[in-house]
Structure formats: structure tokens, C-alpha cells
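Worksheet: the structure to be examined is printed underneath.
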Amino acid sequence: MTEKAYCDLVLSKTVTEEALVKSAENYAEYIKIKGVRGNLDMCYLPNNFLKDRVFEDFLPENYQKPECTGVSNSATNLTQSQVEQIEKLSQERNTVKNEHPLEVMY
């Protein structure tokens, strides 16, 4: 269903792929900053994010980065330092994964 909603939006030229990707990145940033506890109305399944046109709120021309309201991530109770460490490790993992891709055998 998500793929269909994605294709419908892009093929109809409602929005570009680049804009959808940036919208998803902005949404991820929003959730990282605001967390999800007490904010469940802002949690969307990928299909609903597209079908319900929530992505429009997170397009670069509409999105405003929220302010961080504290030192801990309300979704996970991690400190900002821990979140930064996780993000750094994730980036390093992606670098290694890109430098050494898995070989797929058919």
C-alpha cells in the first residue's frame, strides 16, 4: 500500500521524489526532537503519512524545526549525548556497510 501511495504521488507529479525524501527526513527529525510519548497523534504509518498527505506538513517549504524542550529524548529517556552517540555509530555502520556491501548469490 505504501508503494502504491508513493507511486501515485510521484507519477501524478503532485510532489517530487526528492521532496518526499526530504519530508520523511524532516518528520524523522521532528520525532527525534519531540519524542512520541504524549504525542501519539503525530505517529504515522508510512502509508498514512502519504495517503493522508501528512507529508505536506514536513515539506521543506512548510517544516519548521521544533525546539528541543529538554535534555532527554521523551520517547526513549536517552540523554542528548546518548542520542548523539547512537547517531554517530549509525553513521559509522552505514559507512562500513557501503564500503563492504554484502554479496548476493542467486
Side-chain angles (χ1 to χ4, degrees):
M1 292 180 73
T2 303
E3 294 86 1
K4 181 180 180 340
Y6 181 85
C7 289
D8 287 348
L9 287 167
V10 173
L11 292 175
S12 69
K13 299 189 189 286
T14 301
V15 66
T16 65
E17 287 185 86
E18 293 81 14
L20 279 177
V21 169
K22 187 60 182 166
S23 176
E25 290 171 349
N26 288 342
Y27 175 67
E29 176 184 75
Y30 176 89
I31 292 299
K32 280 183 186 176
I33 293 170
K34 297 298 271 183
V36 292
R37 279 198 192 141
N39 208 15
L40 291 176
D41 59 325
M42 287 301 295
C43 292
Y44 298 97
L45 296 172
N47 184 52
N48 293 340
F49 183 77
L50 298 174
K51 181 178 63 97
D52 295 343
R53 302 181 74 90
V54 176
F55 70 89
E56 291 176 337
D57 294 337
F58 296 93
L59 290 170
E61 61 269 20
N62 300 331
Y63 176 67
Q64 290 186 11
K65 183 176 179 176
E67 291 183 26
C68 187
T69 55
V71 266
S72 77
N73 180 313
S74 61
T76 60
N77 292 323
L78 297 175
T79 65
Q80 186 63 34
S81 174
Q82 290 170 320
V83 170
E84 289 169 2
Q85 288 176 334
I86 291 169
E87 288 173 352
K88 182 180 175 191
L89 288 171
S90 177
Q91 289 172 351
E92 290 173 2
R93 178 182 170 273
N94 287 336
T95 300
V96 169
K97 191 168 76 172
N98 290 336
E99 290 174 358
H100 306 285
L102 295 173
E103 291 184 30
V104 179
M105 297 175 61
Y106 294 94

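FYI, the numbering just counts along the sequence from 1. Please read all numbers here as calculations on a predicted model, not as lab measurements.
- The distance from atom CG of N26 to atom CD of Q64, rounded to the nearest 0.5 Å, is 11.5 Å.
- Proximity of L9 to F55: side-chain heavy atoms (C-beta onward) are separated by under 4.5 Å at one or more points.
- In this structure, N62 and E56 approach most closely via the heavy-atom pair ND2-O, 2.6 Å.
- Separation of atoms CD (E3) and CG (D8) is listed at 11.5 Å; rounding is to 0.5 Å.
- Note that CZ of F49 is 8.0 Å distant from CG of L20, once rounded to the nearest 0.5 Å.
- Distance check, rounded to the nearest 0.5 Å: CG of L50 to NZ of K4 gives 12.0 Å.
- Contact between Y63 and Y30 at its shortest, heavy atoms only, is OH-N, 3.6 Å.
- Expressed to the nearest 0.5 Å, how far CG of L59 lies from OG1 of T16 amounts to 8.5 Å.
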